[in-house]
Protein chains: 4
Amino acid sequence: MPEEKSGGGTSTVRPRRRQARGERRIAQLLEAAARVFCTSGYTAASTSSIAREAGVSPGTLYQFFPNKEAIAIELGDHLLARWHTTYGEALTQAHLELPLAELLDAVLDPLIQFNFENPAFGVLMQCTDVPGKVTLEHENLHTSALARVEEILRGRLPDAEEADIKRIVRMTFSIFKGGLDLTLAAAPEERDTYSAELKTVLHRYLDPIIGSA
Amino acid sequence: MPEEKSGGGTSTVRPRRRQARGERRIAQLLEAAARVFCTSGYTAASTSSIAREAGVSPGTLYQFFPNKEAIAIELGDHLLARWHTTYGEALTQAHLELPLAELLDAVLDPLIQFNFENPAFGVLMQCTDVPGKVTLEHENLHTSALARVEEILRGRLPDAEEADIKRIVRMTFSIFKGGLDLTLAAAPEERDTYSAELKTVLHRYLDPIIGSA
Amino acid sequence: MPEEKSGGGTSTVRPRRRQARGERRIAQLLEAAARVFCTSGYTAASTSSIAREAGVSPGTLYQFFPNKEAIAIELGDHLLARWHTTYGEALTQAHLELPLAELLDAVLDPLIQFNFENPAFGVLMQCTDVPGKVTLEHENLHTSALARVEEILRGRLPDAEEADIKRIVRMTFSIFKGGLDLTLAAAPEERDTYSAELKTVLHRYLDPIIGSA
Amino acid sequence: MPEEKSGGGTSTVRPRRRQARGERRIAQLLEAAARVFCTSGYTAASTSSIAREAGVSPGTLYQFFPNKEAIAIELGDHLLARWHTTYGEALTQAHLELPLAELLDAVLDPLIQFNFENPAFGVLMQCTDVPGKVTLEHENLHTSALARVEEILRGRLPDAEEADIKRIVRMTFSIFKGGLDLTLAAAPEERDTYSAELKTVLHRYLDPIIGSA
DNA sequence: GATGAATGAGGATTCATTCAT
DNA sequence: TATGAATGAATCCTCATTCAT
């Protein structure tokens, strides 16, 4: 038992050996959940359908998640983590000083790409039914790249009131969400055009606000 | 069905006597549905709760609607009709020739007002679960005042390709939907600021496209 | 509708006609529940089994009871009401002044008889799982004939401390419950002997306490 | 099975080395089960919760017990054995010839003490759901100290019929169980008063039967 | 029409038990 | 042995829908 718990003794190196199977199952279940959520939405998705999609029995699902909501939340966290791992580092301080157009490229391209690869992300973010949504959106808004807009705004508009900043950020995020949906729903050959259009919208909206800086 | 609903050609003519009670019932049920949809969303709303809210029995509900979806669709149609009756006429040809800023006022103010008064409209429009949503949005896009933007664009950009027009219209509509939600969700004293912000976004977006015309 | 709601106009005479069926169903369900509770106990009894025993679908059960507990509570109330109707009046003030032996006859005989005819009563009273049990036992203890013991004790032992009274009452009730179970479980031809034995126990216990009065 | 559990004839001989761990596990599991049964009752207790309480996995539990019921039965046997080891020997033939009051002290005090220290014993004895309960009660009735009452009765009432003896014993046991529960449930400072009351009841009941002998 | 009872499939969740490692 | 993953039937309960009155 002791030799199983610690591999090298340095840190928490694979705390248990047996969970390899479980770990795989969790990933499997989350992938299944992502698919089902995308197809049916959170509310209409049933835990049985998720289990079925994952090829396991309902009981197995509940061995890893206490309830449906937990799946959504865990999936959100997972996707957020994947975002940070894959694209999060891409936005360095350097980018923030770019001209708006390039900043938008730097921010939006990975976001769109990520949402294209992980459509469940959008589903969870939109979903009004998951109480964890707050968490998700919160996390997203404040931790993810988009939240940088807030920083930028705050930085470039030091005199602006809190409410104004908030409004602009919300509006920006709202535009982004809508445009993202359009882009993802567009025919493959139109995708770029749609994402360009979204950037246009945001550029025209934000340029008069922060462009002068 | 159509010949049962309307006696002559005008659809709002008083129906025949014996259907008076039925019409009232339908209105009652639709109002109840609107309230329940707003509270719980379409998926989570139960037909029993709608019936209860309307003060009738479930059986009665099914005497007028074949199923839950039909309620949503009918409610959508109803709201659309109400829109046309109340505000639709307000947008005359004259408005279309106004400068963009004033056009936006003329178009958005009633829309926002209407959505404020009929929050179920937004719920149905957003809802991913109602198959009729497509219908709704379609109807909305092509029948409602916002669709005039398409006309305007087509008028002012005769050389533009169909796909471009469509994209701009979609983007405009998407921005509107998002901004509308923000506006409706805003605190009462901020509502005007938010709707002004929405207009700003749309103005900055559309001005370069149609403003010069 | 108006002619359906009020029959004579005087009072609440059969408030609705349609519920006759429902009323019957409720009785049916309560009887089924009584049988199932007796067979399996409250915890092990499933709502489906109750519905099945009643010959209806699970959904029907839930049309009348919000959950399993409510069935137990309603059943308890029902049995209590039946007790009061059938035997409750039997114990007049006159009885309370009888010699102990006759008092015990007057009190125990109907109780035993009632429990024999309604075995679910004992099951519910014993059951530790129904939160409503408190209600039931409370009601029973304070409303039913046995509670008179408390009155008698208080009357005949005016100097006794509250705690002493309580202890004696509890002990009496405890003896009764145990003896009742034995009596009900006994072979038919032994039933009387067992109930006589129970009376003997109680008589010997209580006579030194209140007999002298 | 018996030849595996005990090497020779005495059942509490140290088992063979390699089963030492197993014995410990079993004890661990039984203790956990006792705790969980006391908290939730037999029916509501889940095997997983017992395993968790014991700090082992469900699989391990099933390595020692074929099913949940077996745990309860084994626990009952265990407690019975503990009873015999700890208190059982205390009741020598000498006690049986004591006057009733002292006999009751001699018999009841250890029983109450034991039940106080091992509350699971009462839970199992009361529980209607464990088929093994019969076993337990049976065992208890015939092996435990209380069963001596039967011997005494038989000894002092040689003319009594079997059924009468049985009835008196049952009644005595029933009174004991009820009084025990009251005593255990009583506030600490009232415990002695309640146990004294129980003895009073039994004394008054049994004295006319065997006291004169 | 209107009512409310009836249905039964389906959903979330639990749990005794078994199995692979 | 020990672990924890896997199972699937069973539980409570809901709900869209239908039916008898």
Side-chain angles (χ1 to χ4, degrees), chain A residues 1 4 16-26 43-51 55-69 71, chain B residues 18-19 21-22 25 43-52 55-71, chain C residues 1 4-5 16-26 43-51 55-69 71, chain D residues 18-19 21-22 25 43-52 55-69 71:
Chain A
M1 222 188 212
E4 282 187 27
R16 48 257 141 129
R17 182 155 55 190
R18 302 299 166 70
Q19 240 115 337
R21 203 151 101 250
E23 219 73 58
R24 245 180 290 130
R25 272 287 124 90
I26 289 177
T43 310
S46 76
T47 54
S48 320
S49 66
I50 295 174
V56 301
S57 69
T60 298
L61 185 153
Y62 281 90
Q63 199 117 39
F64 300 102
F65 302 99
N67 50 45
K68 194 168 96 168
E69 188 186 323
I71 303 175
Chain B
R18 3 182 189 186
Q19 293 194 334
R21 200 156 50 148
R25 272 284 128 92
T43 310
S46 75
T47 54
S48 308
S49 67
I50 295 173
R52 202 180 320 119
V56 302
S57 67
T60 299
L61 185 153
Y62 279 88
Q63 216 121 35
F64 297 99
F65 302 99
N67 53 43
K68 190 168 119 176
E69 189 187 321
I71 303 174
Chain C
M1 219 189 216
E4 281 186 26
K5 281 239 167 166
R16 48 260 142 127
R17 183 155 53 191
R18 302 302 166 68
Q19 239 116 339
R21 205 152 100 247
E23 220 73 57
R24 246 180 289 132
R25 270 288 124 90
I26 289 177
T43 311
S46 75
T47 54
S48 320
S49 66
I50 294 173
V56 301
S57 69
T60 298
L61 185 154
Y62 281 91
Q63 199 118 38
F64 300 102
F65 302 99
N67 52 44
K68 194 168 94 167
E69 188 186 323
I71 303 175
Chain D
R18 6 185 185 180
Q19 293 195 331
R21 201 157 49 150
R25 271 285 126 93
T43 310
S46 75
T47 54
S48 308
S49 67
I50 295 173
R52 202 181 319 118
V56 303
S57 67
T60 299
L61 185 153
Y62 278 88
Q63 216 120 33
F64 297 99
F65 301 98
N67 53 43
K68 189 169 122 177
E69 190 187 320
I71 303 175

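Keep in mind that the numbers below use all heavy atoms, side chains included, and drop hydrogens, waters and symmetry copies. This structure is a prediction, so every number in the text was calculated from the model and none was measured.
- Nucleic acid contact class of B/F64 (heavy atoms, under 4.0 Å, all strands): sugar-phosphate only.
- Within the 4.0 angstrom heavy-atom criterion, base atoms lie near C/S57.
- Look at E/dT13: its Watson-Crick or wobble partner, with both distances under 3.5 angstrom, is F/dA10.
- Here E/dG11 presents its P atom at 19 Å from CZ of A/F65, a figure rounded to the nearest Å.
- With F/dA5, F/dT1, E/dT13 as the choices, the nucleotide that has an atom nearest any side-chain atom of A/Y62 turns out to be E/dT13.
- Atom CG of B/L61 and atom P of E/dG1 are 14 Å apart (whole Å).
- As judged by a 4.0 angstrom heavy-atom cut-off over every strand, C/A45 is placed among residues touching the sugar-phosphate backbone only.
- Heavy atoms of B/A51 sit nowhere under 4.0 angstrom from any nucleic acid atom.
- Heavy atoms of A/S48 sit under 4.0 angstrom from primed sugar atoms or phosphate atoms, though from no base atom.
- Following rounding to the nearest Å, B/Q63 (CD) and F/dT17 (C1') show an atom-to-atom distance of 13 Å.
- Positionally, the nearest nucleotide of DNA chain F for D/P58 lies more toward the 5' end than for the other of C/P58 and D/P58.
- Looking at every heavy atom in both residues, A/T43 comes nearest to A/K68 through O-NZ, 3.0 Å.
- At a threshold of 4.5 Å between non-hydrogen side-chain atoms, the residues B/T60 and B/S57 count as touching.
- Among the heavy atoms of the strands lying under 4.0 Å from A/S46 are primed sugar atoms or P, OP1, OP2 only; no base atom is included.
- Mapping A/G59 and B/G59 onto DNA chain E via the closest heavy atom, the residue that lands nearer the 5' end is B/G59.
- With F/dA6, F/dT17, F/dA2 as the candidates, the nucleotide lying closest to the side chain of A/R25 is F/dA6.
- Each of F/dA6, E/dG4, E/dT13 was ranked by its minimum atom distance to the side chain of A/N67; first place goes to E/dT13.
- A distance of 7.0 Å separates CG in C/N67 from OH in C/Y62, rounded to the nearest 0.5 Å.
- Taking each heavy atom of C/S49 and C/A45 in turn, the nearest pair found is OG-C, 4.2 Å.
- Side-chain contact between C/T47 and C/F65 is absent, with no heavy atoms from C-beta onward closer than 4.5 Å.
- As a whole-Å value, the separation of B/K68 NZ from F/dT18 P is 15 Å.
- Checked against E/dT17, F/dA2, F/dC13, the side chain of D/T60 finds its nearest nucleotide in F/dA2.
- F/dC19 is paired with E/dG4 under the Watson-Crick or G-U wobble criterion, all donor-acceptor distances under 3.5 Å.
- We find that CD of D/E69 is positioned 13 Å from P of E/dA16, with the value rounded to whole Å.
- Note that the CZ atom of B/R25 and the CG atom of B/L61 stand 11.0 Å from one another [nearest 0.5 Å].
- Per the geometry, CZ belonging to A/R21 stands 7 Å off P belonging to F/dA5, to the nearest Å.
- Put simply, CD1 on A/I26 is 13 Å from P on F/dG4, counting in whole angstrom units.
- Of the candidates E/dA16, E/dT13, F/dT17, the closest approach to any side-chain atom of A/T47 belongs to E/dT13.
- Note: CZ (B/R52) to C1' (E/dG4) measures 13 Å, nearest angstrom.
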